Visitor: 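A single structure is presented below for examination.
All figures in this text were calculated on a predicted structure; none of them were measured in a lab. Residue numbering restarts at 1 for every chain, and letters A, B, ... go by the order of the sequence lines.
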2 protein chains.
Amino acid sequence: MQQGPQNGSTEIGRLRPFLANLASHVHLGEADLRGIAQLVTECRKVPQRTELVQGKQQSGEVQVILSGFACRIKTLHDRRQITSYLIPGDICDHRYLADRAPDQSVCAISAVEVAHIPVEALTDLCERQPRIMRALLRVSAIDSAIAAEWMVNLGLRTAQQRVAQLFCELYARLRVVQLAGSQAFDLPLTQAELGEALGLSTVHVNRTLQDLRRREVLTFRSGRAILHDRQKLAEIAAFDSHYLGLSDPTPNEAA
Amino acid sequence: MQQGPQNGSTEIGRLRPFLANLASHVHLGEADLRGIAQLVTECRKVPQRTELVQGKQQSGEVQVILSGFACRIKTLHDRRQITSYLIPGDICDHRYLADRAPDQSVCAISAVEVAHIPVEALTDLCERQPRIMRALLRVSAIDSAIAAEWMVNLGLRTAQQRVAQLFCELYARLRVVQLAGSQAFDLPLTQAELGEALGLSTVHVNRTLQDLRRREVLTFRSGRAILHDRQKLAEIAAFDSHYLGLSDPTPNEAA
DNA sequence: CGCTAGATTGACGACAGTCAACATTGGTGG
DNA sequence: CCACCAATGTTGACTGTCGTCAATCTAGCG
């Protein structure tokens, strides 16, 4: 069933977040999953705070996060804007779809495991299995939808609402890959890194978090988020999960 | 050479902005252009301030802007965030790539002409002509890159810089479709609409524009922008056109 | 035990929002 | 041709959210 130490069903285990992510959009069979798993040429561990993908560089590979957290970053002068958080199951960048490199870099926030998949092999597979193609395009579309929601965040929400929105989003996304409990999840971010995503200063993030904590809505401490009152949190954020394209709330397959 | 009153080479003329847009990323031959033009089933005129695409609705067609300006919009409570401006040659939304509707609506800013292309026909063409597929994916990738740049705008630029950035971007994009002169272009936006894109209040947009005018960098008045000092404007914005993926500065074909 | 990264606090200032009045423009109809 | 109207642009006064700076606290770690 496998072709070497790197391929086959053992890979399915490691790739689970990615497969779960894809399967949450388009139904994929055993064969599809195995097909994808076999494309993985390399799994590597990357230490905290390392660049996974460089800004203007071209590579023939797609990188998929298997464990840990990363983010896409754009830099202006010497300040950074985090344009998205990448969680297990996410594709580092979708530039592989178009053969040109946009100007974002991807940076590991925690220690991260990534799988490499050669673009060509993936393209071939997509041609044979349109369902897989569709799943990948869906993932990419949702990526854009998240970007749009973040613009709303930056453009018209207050600090409170921004923080609340982000935690609602991350909760929903982490649920998909089974990395969130019913009201808590691990999130190895510093307050500074939250600020870089939310367009807020570290100090203000701190105060906002304190306020939410005091009101017993959300506690975020030492890398762990506890959503005491998801209802209220969603209210504050005016959160509508629609944009995440989660049709089925909790896929149980392969759990 | 044509198959009816709606198809064939006459369409090439009207579709020129779209074709120029595609061709600026991937080289396309006469045959490709004709192939695309023949897919157009309908061209309609849409009055100012009309919704072109509704939020959560699915349609089997791609809509392309032929003339006029539009924008994508997300709404929070009763305030709007413009997530992108659409200019002639742009595709209203890329949801056709994934078979699921994100939650943005598209709204005509000025009177607009749009061409409709059935998704299926386009998909078929893409399969026969991978170059066209690649061009479409490139366009979609640049769309994402613009979104990321707007996040930088909202997240870490000041009002001045935001305005400057936006005008730099629009200038560059309008150049591609031959809608900008050497230092001026038409832009039928109100200051309020600028504010909705930039995350600024109308009043503040007004003051910022005044300041840029006073400093003889940029004049924006009654729907026309004049870039008196593009150099300085780009400096203020810290503008780097790289993200727009413009390899060749001024394509002259079919001009 | 001291070091460092991260979190927290306080004081202060500034950029941008809000409100409300007023001016200008362009379009419409008498 | 002018009067009127609505939409857009402009201005001033005031407010508030949030940024900056800098000091202090805390916890993990060698």
Visitor: Expressed in angstrom and rounded to an integer, what is the separation of B:E193 atom CD from D:dT8 atom C1'?
Guide: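 Going from CD in B:E193 over to C1' in D:dT8 covers 11 Å.
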
Visitor: With a 6.0 Å cut-off on ring centres, are A:W150 and A:Y85 close enough?
Guide: yes

Visitor: Counting side-chain heavy atoms from C-beta on, which of C:dT18, D:dG9, C:dA7 comes nearest to B:S201?
Guide: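 Per side-chain heavy atoms of B:S201, the pick is C:dT18.
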
Visitor: Nearest to the B:H204 side chain among C:dG17, D:dG19, D:dG9, which nucleotide is it?
Guide: C:dG17

Visitor: For B:N206 and D:dG9, is the shortest distance between a side-chain N/O and OP1 or OP2 below 4.0 Å?
Guide: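 The answer is no; no side-chain N or O of B:N206 sits under 4.0 Å from OP1 or OP2.
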
Visitor: Please confirm whether the shortest side-chain N or O distance from B:R213 to OP1 or OP2 of D:dG9 is below 4.0 Å.
Guide: no

Visitor: For B:L209, report the nucleic acid contact type (base, sugar-phosphate, nothing); a contact means any heavy atom under 4.0 Å.
Guide: nothing

Visitor: If only side-chain N and O atoms count, and only distance matters, is there a donor-acceptor pair under 3.5 Å linking B:Q183 with B:Y171?
Guide: no

Visitor: Go through C:dT8, D:dT8, C:dG10 for me and flag the one nearest to the A:R207 side chain.
Guide: C:dG10

Visitor: Between D:dT11 and B:Q210, is there an OP1 or OP2 to side-chain N/O distance shorter than 4.0 Å?
Guide: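 Yes.
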
Visitor: Picking from C:dT8, D:dT8, D:dT11, which would you name as closest to the side chain of B:T190?
Guide: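 Nearest nucleotide to the side chain: D:dT8.
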
Visitor: Salt bridge or not for A:R215 and A:D211, using N-O below 4.0 Å?
Guide: yes

Visitor: Classify B:G199 by what it touches in the nucleic acid, base, sugar-phosphate, or nothing, heavy-atom distance under 4.0 Å.
Guide: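 B:G199: backbone/sugar contact only, no base atoms under 4.0 Å.
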
Visitor: If you measure from CG on B:L156 to NE2 on A:H77, what distance do you get to the nearest 0.5 Å?
Guide: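 So the CG of B:L156 and the NE2 of A:H77 are separated by 9.0 Å.
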
Visitor: Nearest of C:dT18, D:dT10, C:dA16 to any side-chain atom of B:R79?
Guide: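 That would be C:dT18.
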
Visitor: Start at the 5' end of DNA chain D and walk down; is the nucleotide closest to A:V203 or to A:Q160 reached first?
Guide: A:Q160

